[in-house]
Amino acid sequence: MDFSLSDEQVLLRDSAERFVREEYKLDARRRLVAAGDPISAEHWRQYAELGWLALPIPEDVGGLGGSFVDLMVLMVALGSGCVLEPYIPNLVLCAPILDRSPARSLLGAVADGSLRLALAHDEAGDRFNLAGPRTTQATAAGDGFLLTGAKTLVLGGPSADRFIVSATITGEPACSLFLVHRDQVEDQVEQALSRYPLIDGTWAADLSLSVEVSADALIVRSDRATALLDEAIDRATLAYLAEAVGSMETCLEICSAYLKIRKQFGQAIGKFQALQHILAEMFVEAQEARSILYQALSQIGADASLRRRAVSAAKIVIGQASQIISRQGVQLHGGYGVTDEYPISHHFKRLMVIEKLFGDIEHHTTRFAGTAPGLQAPDSSPAA
Amino acid sequence: MDFSLSDEQVLLRDSAERFVREEYKLDARRRLVAAGDPISAEHWRQYAELGWLALPIPEDVGGLGGSFVDLMVLMVALGSGCVLEPYIPNLVLCAPILDRSPARSLLGAVADGSLRLALAHDEAGDRFNLAGPRTTQATAAGDGFLLTGAKTLVLGGPSADRFIVSATITGEPACSLFLVHRDQVEDQVEQALSRYPLIDGTWAADLSLSVEVSADALIVRSDRATALLDEAIDRATLAYLAEAVGSMETCLEICSAYLKIRKQFGQAIGKFQALQHILAEMFVEAQEARSILYQALSQIGADASLRRRAVSAAKIVIGQASQIISRQGVQLHGGYGVTDEYPISHHFKRLMVIEKLFGDIEHHTTRFAGTAPGLQAPDSSPAA
Amino acid sequence: MQLEFDAFHQAFREEIRAFVRENLPPEMARRQKQLSFPGNRSDILEWMRILHRRRWSVPNWPVEYGGTNWTPLQHFIFERESQEADAPGLFRGGTHMVGPVIYTFGSEDQKSKFLPAIREGRFSWAQGFSEPGAGSDLSSLRTTALLRGDRYVVNGQKIWTSGAHLSAWGYFLVRTDTDVKPQNGVSLLLIDLATPGITIRQIPQIDGDAHLCEVFLENVEVPAENLVGKEGAGWTYGKFLLDNERTFSSFIYWNIRELRKAKEIAQRETMDGTPLAQLPTFRARLAQAEARVLALEWSVLRVLAQEARPHKLSVIASALKLRGSELQQLITELQVDLLGARSLRFYAPSETEQLQSPDDAFWPDYVPGKTGIALITRAASIYGGSRQVQRNLIAKHAFGL
Amino acid sequence: MQLEFDAFHQAFREEIRAFVRENLPPEMARRQKQLSFPGNRSDILEWMRILHRRRWSVPNWPVEYGGTNWTPLQHFIFERESQEADAPGLFRGGTHMVGPVIYTFGSEDQKSKFLPAIREGRFSWAQGFSEPGAGSDLSSLRTTALLRGDRYVVNGQKIWTSGAHLSAWGYFLVRTDTDVKPQNGVSLLLIDLATPGITIRQIPQIDGDAHLCEVFLENVEVPAENLVGKEGAGWTYGKFLLDNERTFSSFIYWNIRELRKAKEIAQRETMDGTPLAQLPTFRARLAQAEARVLALEWSVLRVLAQEARPHKLSVIASALKLRGSELQQLITELQVDLLGARSLRFYAPSETEQLQSPDDAFWPDYVPGKTGIALITRAASIYGGSRQVQRNLIAKHAFGL
């Protein structure tokens, strides 16, 4: 086993850390959020220039063919800045689906930053059960389909040019995936796209669909769509968890620095043993978070059941670590912790978003238990 | 509302505190446990002399007709000494059942200490579901019944003269209660009574039953037995919880004193803020424990559903407080905490026993949820 | 022992219920339910006016100043029933903080000038105690007020002054004598916030709101008659004011109400068609929260009924604050967890207040407001003596450590 | 990055599995499973003899002294597979504590006298470090050893000397020079526990066992050749010895094995006929424990694979100790909770070891032993640097606080 980074990975990490230093100082981040723009075009251009948009895309369609470990290195570094760009919705959630579809030639445009994607999959009543049947319908219409339904929490939706929409073709047991132009969506219904910020300053949208699309909009048929979605969502989940690890490690630095600077009762508050012990516990949590991330990375290419188990374990451990670190991080800051003017509150909200996206601790505990050896239905083997 | 004790209750408390001071110093308690005797006859005699055995028994059969609050006052005080005598199994679990049976005239002998009782109710597979059907059978035999089955965790069983045995009369939907002489049990099967200590030094027994009893051994028929048992067990549970409150408050005193005496790195360890904060949290837990005890006391005479709800709430809060106080209490003592030679380990085990008897936190959480407003099956009223 | 409300208090409870039922405007209750914290100032002022008509707007005051002479349990019942019905609450800065100081220590002029205004809900008060660099350590106050003729000239900076931007007046702890020990030399001044030299900056918060303020005071001239009581006794008045209600910091009424809302969400939100209230894990969390809230309620009752205790009342107050703030956080986290990913949408405070549809497929009326409250509730274990400070106090005063 | 075991290590795992399968006596495994901690001394010595035949009894030693030259991951695999199969483990006092000190710093005589005995599992060693009044504070050692001719005369008292009553020899930290700074003047002595003047008292424990001992030394004469290395360097050797295995305090193998047992109980115990493993609340607790154990396992692997880290290894060791002991407690609490009221019966250690029936209606074989382990595991966050000491160390060495 070897946990060291390759030279290329070190360069990648350094470039991302430099980006965060230069573009994501607290004031800059606050200005970006206040601007109310669902994406910074300038930043997206930099993502493209730095090769990050090409990173996970196959070489034959204009990408760099990076590994998932490469992606993790990037996400940990970007997590330290709580970046706002919809990198994961585009590159981890959508790109791999496109890659295994007739539309994969579009990936070149994704890699150069000229095309942005979003996955429109969540529906009302899902509560994390993203593998359930879709109420959005695809009915035959002319040579193509009429898509009707409503989608919510479309991450990166407000800045997407095209949507990958999941919908059930009449008579089929599972959903299929359709590639739909944003214009098509917006042209056909008033306020078809309703956008809103999330608490961390990133953006999502609800889609109200009543769209006629041509036959070639169908990019993944129901026989493959659910497994493909499942994999894409697991990989996106893990990428977010890598961000969370970067964010948490940064929280430790922020808090440690604050404890040394802030004075009360005539001394640096870092002299108080009770606060030292809180920081020490946060350290343990952060260490365990990175460890379980590696564990999940080791299984991300494995069979679906092993992959699901590994990602759920990471979601549990990192979710619990996030809660402890972000809550105690605010507590260590006293009143300043609940202002927007100190970075800890930004990490707090980013970590809360990651904790809940694609299944919370509760959801993944249930999923993990379902695959844990020794928690299956009873057998007749002797125990203890 | 008024939480003050009457003059009589103050006397009762003082007498119990004196008993604990005189009879339950740590060394004395350790000697009692080491002696391996399921009861101290001398102590039981004192219980009788002090009027404690008469306390909850009605006046017309030789008791003092004390209230449940009186009982609570006694139990809190005895809890501070982790007393070993089977007071609750006799006086709170069994006496009230006898009181509502044709055998209530025996209560005089209970009150004067000459007769001891134990409830033989638990069976294999119960896991706290004490209202479930009994596998112990009562079949007609001659003028009476033949009782066959096996009972476990009969509290105070090794020192009991008679057992109240629950058993299902053939063809009846619920269990009935039989009063059985110890001799009858022991005469009919080899090793019918298997006795063992619990971790806190109190005693229990398993019974292997194959006993013929006369018709008048049937003291409570199935139409009343389950409700009567349910009430007796709730009241016994609450009496144990009162003991737990006394024990926890004593833990605070023990720990506070230890933190002042024990020195490390050149100063009393009570100077360390981290340890101060642990003790402060224990204080909060102990306060909440006593509060929920009062809450349950206010409902102990109420309808079954209110009573059950109140007792379960107390079991949850006091159970969680017990865990925190006993675990942190040991932690504050360092290595000495896990020896038998410091009182904290005795409280630790007593609190653990109380936490698990008659349903653990998990069990009572389920029971409490079943009665909580707003957790019932969905209705159509508008929410939030 | 008497462990139940007597007939008098039971009748009183019915009286309060009937009053609230008949007088609380439904729209006001709806807004308050959505906001959780008394966010809408005009609702609070209006509700105080309604209460004032019944002479209940300052129930904690002596009868001579328009109060009620209620027993502690009557206050308990009034607060509990009001919050149960989603009434907006009182402007406690006036009714529970500065008001009692004024009628206890203030001059007759101050009484006649300020008490009616508080009683009738004419405006709200801001509290100028904390300063930057002195969060939990009030003895290091640096804002000065130097007497120049018949006016104090005030210079300095206050922070965490909640609602200063919407308040007409503030009560400020200031240093009037810099030559004595830090805890002496502090006085309590009433300051008209419209006085020249005062600048108020709203601090942007984690929840997107900005009601916590910084107040900058630059050569602010305050008439000497606005000094409360004696110069140098401000520390005493400040403690009197903060100590005035030992049980408030338990947030018991708030916790009861927010737990009810959590259960309502659990009935509305489903997983695979089953209400979350029926899922064992959420049921267990809700039930355990309820048991703990019940314990806290009885802890409050013990204080109100003046149970004889071996510990100082301040120690009990610290314990109530610790558990109360812990439960505030636990319950709002539970609300957010019940909402799942829906909790992630940001709602500005102004959006939260708007009427939402109970039937919206994605964003029904119980969604907006919850996450913002959960975020700002992180402060519950910080303000008014942080969790760490409360633990220090218990260790010191309960155990002599 | 290479996040999987390579072919070499996978093959090694098979080799270990096969060896254990073929050589571990079933009765020994059964006893060990019931005991959880290596309680049966003759089983450990016998197992060491079995391992010695394969040259695996001191795998961590250099080949020249009978060790193996394994990679860190091979050690990991060896430990994990051995515990997975309920093998009794090694006498670590000899193999991992004093052994490495002797072959690194000891004389040739000491090496030839002691190393073979350790390697062949001839007896166990006791550790005489802690003293009453110096729990987490080793610098205040007061046991003295004064050189008189060719013998040290030792006087003092040690505490928490696990298994002293069953051990033939002990390694003791003693003060050989009282005139220098406390951390100097300390030496490491090997002492035959049969020497006159030694009294051993077993301390009765919370679990009914008594393997923790007090050792009283009164004019105990120890040959000067039993001094390890140099006089006054005992502190260095002591730290060397305790630092020898950074990952051991995670108890990772133990945690994995005990969690497996918890799951087995959850399959056997039922509620209303349903195995507890199928109840959502227990499932969730078991699953979350498993996820955390998995994280800890990877934390250990990161150390073994020598990942470059910004922090000192001692800081990582503290973190492993904290989480490892927390999980020991969490998992044993879970076992006890699964057993319900059955956990309350007291089993003396001697009863625990006896064969129990798997089919006993009340007391099947998985009951005895569990509660005793849960009780004594409260010490996991105390010995070897308490939870509080570990947190102090992290604050200091990771953050400079």
Side-chain angles (χ1 to χ4, degrees), chain A residues 30 33-34 122-129 132 150-153 194 196-202 204 206 262-266 269 272 274-275 278 323 326-327 330-342 344-346 348-349 352-353 355-363 365-366, chain C residues 130 132-137 139-140 159-160 203-210 212 269-274 276 279 281-282 285 329 333 336-348 351 360-364 371-372 374-383 386-389 391-392:
Chain A
R30 295 187 63 212
V33 172
D122 272 28
E123 297 179 351
D126 271 357
R127 196 174 178 84
F128 307 133
N129 180 8
K151 297 286 183 180
T152 189
L153 282 170
S194 149
Y196 45 84
L198 302 185
I199 53 170
D200 63 349
T202 64
D206 293 346
R262 170 80 174 162
K263 290 194 165 53
Q264 207 157 62
F265 303 108
I269 60 174
F272 290 108
L275 302 188
I278 289 174
Q323 291 182 340
S326 60
R327 291 170 189 171
V330 165
Q331 184 73 26
L332 290 177
H333 278 73
Y336 299 101
V338 296
T339 73
D340 193 57
E341 298 178 326
Y342 281 70
I344 193 72
S345 69
H346 295 246
F348 187 102
K349 290 188 277 190
M352 187 167 158
V353 167
E355 182 220 312
K356 292 229 163 5
L357 280 184
F358 304 128
D360 60 5
I361 295 168
E362 160 86 18
H363 172 82
T365 298
T366 305
Chain C
S130 296
S136 295
D137 179 13
S139 69
S140 62
I159 195 168
W160 315 129
I203 303 171
Q205 295 165 195
I206 191 173
D207 59 346
D209 204 344
L212 298 172
E269 287 284 301
T270 60
M271 181 155 85
D272 299 332
T274 304
L276 302 186
L279 297 184
T281 45
F282 275 117
R285 286 176 68 187
Q329 293 172 348
E333 286 157 12
V336 165
D337 286 351
L338 286 161
L339 290 177
R342 284 180 181 178
S343 67
L344 301 177
R345 178 167 172 176
F346 173 71
Y347 285 92
E351 290 176 280
D360 190 295
F362 296 142
W363 312 104
T371 306
L375 291 170
I376 200 64
T377 298
R378 298 317 308 175
S381 52
I382 293 169
Y383 64 74
S386 72
R387 181 183 296 153
Q388 281 70 36
V389 166
R391 289 180 181 159
N392 285 346

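Proteins get letters first, then strands, A, B, ... in listed order; numbering begins at 1 in each.
Ranking C:Ile159, C:Leu276, C:Leu279, C:Ile376 against chain A, the residue ahead of the rest is C:Leu276, based on heavy-atom pairs under 4.5 Å. If you tally non-hydrogen atom pairs under 4.5 Å between each of C:Gln329, C:Arg342, C:Arg387, C:Met271 and chain A, the highest count goes to C:Arg387. In terms of heavy-atom pairs under 4.5 Å with chain A, the best-connected choice from C:Asp337, C:Ile203, C:Thr270, C:Thr371 is C:Asp337. When C:Phe346, C:Tyr347, C:Tyr383, C:Phe362 are compared by the number of non-hydrogen pairs under 4.5 Å with chain A, C:Phe362 comes out ahead. Between chain C and the options A:Ala274, A:Ala204, A:Gly334, heavy-atom pairs under 4.5 Å are most frequent for A:Gly334. Highest contact tally toward chain C, considering only A:Arg127, A:His346, A:His363, A:Lys356, is held by A:Arg127 [criterion: heavy-atom pairs under 4.5 Å]. Counting heavy-atom pairs closer than 4.5 Å to chain C, the top-ranked of the candidates A:Val353, A:Leu357, A:Ile344 is A:Val353. Chain C forms more heavy-atom pairs under 4.5 Å with one residue of A:Thr339, A:Val338, A:Asp126, A:Asp122 than with any other, namely A:Val338.
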Test side-chain hydrogen bond (donor to acceptor under 3.5 Å, both in side chains) applied to A:Glu123 and A:Thr152, step by step: CA-CA 6 Å; A:Glu123 297 179 351; A:Thr152 189; over 6 Å; no
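Of the atoms belonging to A:Glu362, it is side-chain heavy atoms, and not backbone ones, that fall under 4.5 Å from chain C. When heavy atoms are compared at a cutoff of 4.5 Å, A:Phe348 approaches chain C solely by way of its side chain, counted from C-beta outward. With a 4.5 angstrom heavy-atom cutoff, A:Ile361 does not touch chain C via any of its atoms.
Looking at A:Asp200 and A:Met352, their side chains never come closer than 4.5 Å, going by heavy atoms from C-beta outward.
The pair A:Arg30-A:Asp340 meets the salt-bridge criterion, since a charged nitrogen lies less than 4.0 angstrom from a carboxylate oxygen.
For the pair A:Ala124 and C:Ala361, the tightest heavy-atom approach, listed with the atom from each and the gap, is CB-O, 3.8 Å. Looking at every heavy atom in both residues, A:Leu198 comes nearest to A:Leu153 through CD2-CD2, 4.2 Å.
Inspection of the A:Gln323 and C:Glu333 side chains reveals no N or O donor paired with an N or O acceptor under 3.5 Å.
Not counting sequence neighbours, the partners of A:Tyr196 by the ring pair (Phe, Tyr, Trp, His ring centres under 6.0 Å) test are C:Trp363. Residues passing the ring pair (Phe, Tyr, Trp, His ring centres under 6.0 Å) test with A:His333 are A:Tyr258, sequence neighbours excluded.
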